Amino acid sequence: MNTSPIGIFDSGIGGLSILKEINRILPNENTIYLADNKNCPYGSKSISRIIKLSLKNTSVLAEMNCKIIVIACNTATTNAIQEIRNLFPIPVIGIEPAIKPALLNTKTNKIGILATEMTLTSSLFNQTSNKFSDNIEIIEQIGFGLVNLIEKGDINTKKTKQLLKSYLDPMLDSNIDQLVLGCTHYHFLVPIIRQIIPKEITIQDPNKVIAKQIKKILNRENLENPLKNSYKNKVYVNGNTEIIKNIINSKGDVDFLDF
Ligand code: DGL
């Protein structure tokens, strides 16, 4: 089991930002990454559909003998983590919007969060934000259309920048000093977000924290790979493989798989 891979899934390229951190801090660990881009975006689907897709992805990874499951998607975590944990007897780690560090660090008492519709309406997200947000205003914005643009590779285009600006300007007018990126896809937009927001605003992007948490759990469960080989990343995509091939380039094998 210790030499088995870490299993990761997302609706597309978003979780690659977490994969990069896993490779950095866990260089002995092999990974299998599922990009369910045939069904992207998850963020506007029903809860039952998100649960069904998340269970399907987890089954594929469990059959591939993965020792731990990483849900590299805020939408799948906030809507389906409990169902996954109920059905699979292996450790499951999810990613949720980094609301807590934003609330702890704000000086203006105003924070902004950009996430998908189904993350912002989920009960898990609302429980977390209500629990910590006394006296602090949280400005929520659904990133309509952003995931589709990112999946097409439209990351540094005028169209994407304009759309982002329309979502971020009202937050700037409200004087936020923390911006929470509540969707793993948005990590790829950080360079253009930086062109729109002043440098005094902190961007909360929890990829590093998640990778550290995975390391902690592997250690606690005695699941670390003792072989000091350099890692291998295997990526399976069930839709268009081109964009993901360009991003992953020499860091792993990308193949089509109809899952
Ligand atoms: N990357 C995902 C997230 O973190 C899902 C985006 C989507 O498919 O809508 O929410």
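Keep in mind the model is a prediction, meaning the values are calculated, not measured. Every heavy atom of this structure was used, including side-chain atoms; hydrogens, water molecules and symmetry mates were not. Numbering of ligands and ligand atoms starts at 1, following listing order.
For atom 2 (C) of ligand 1, the closest non-hydrogen atom on the protein side is Cys73 SG, 3.3 Å. From the protein, the heavy atom lying nearest to atom 7 (C) of ligand 1 is Tyr42 N, 3.3 Å. Among protein heavy atoms, atom 9 (O) of ligand 1 sits closest to Gly43 N, 2.8 Å. In this structure, the protein non-hydrogen atom closest to atom 10 (O) of ligand 1 is Thr75 OG1, 2.6 Å.
An N or O contact shorter than 3.5 Å links His185 to ligand 1 by distance. Of the N or O atoms in Asp10, one or more lie within a sub-3.5 Å distance of an N or O in ligand 1.
Of the listed residues (Lys232, Lys228, Lys67), just one forms a salt bridge (Lys or Arg N to Asp or Glu O under 4.0 Å) with Glu29, and that residue is Lys67.
Defined by atom type and a distance below 3.5 Å, a donor-acceptor pair is present between the side-chain atoms of Asn233 and Asn23. With 3.5 Å as the limit, one finds no donor-acceptor pair spanning the side chains of Tyr42 and Asp10. Side-chain contact, Thr184 with Ser17: no donor N or O sits under 3.5 Å from an acceptor N or O. No hydrogens or angles considered: a donor-acceptor pair under 3.5 Å links the side chains of Thr106 and Asp177. There is no side-chain donor-acceptor pair under 3.5 Å between Asn109 and Asn135. Side-chain contact of Thr157 with Thr160: a donor-acceptor pair under 3.5 Å is present, judged by distance alone.
Under a cut-off of 6.0 angstrom, the local environment of CD1 in Ile47 is sparse, with at most 12 non-hydrogen atoms contributed by other residues, nucleotides or ligands.
Both the backbone and the side chain of Cys183 come within 4.0 Å of ligand 1, counting heavy atoms alone. Both the backbone and the side chain of Thr184 come within contact range of ligand 1, each with a heavy atom under 4.0 Å. Proximity of Thr116 to ligand 1, defined as any heavy-atom pair under 4.0 Å, is confined to the side chain (atoms from C-beta onward).
Close approach to Pro41 involves these atoms of ligand 1, each under 4.0 Å from a residue heavy atom: 7 (C), 8 (O), 9 (O). Atoms of ligand 1 lying under 4.0 Å from at least one heavy atom of Ser11, given by number and element, are 5 (C), 6 (C), 7 (C), 8 (O).
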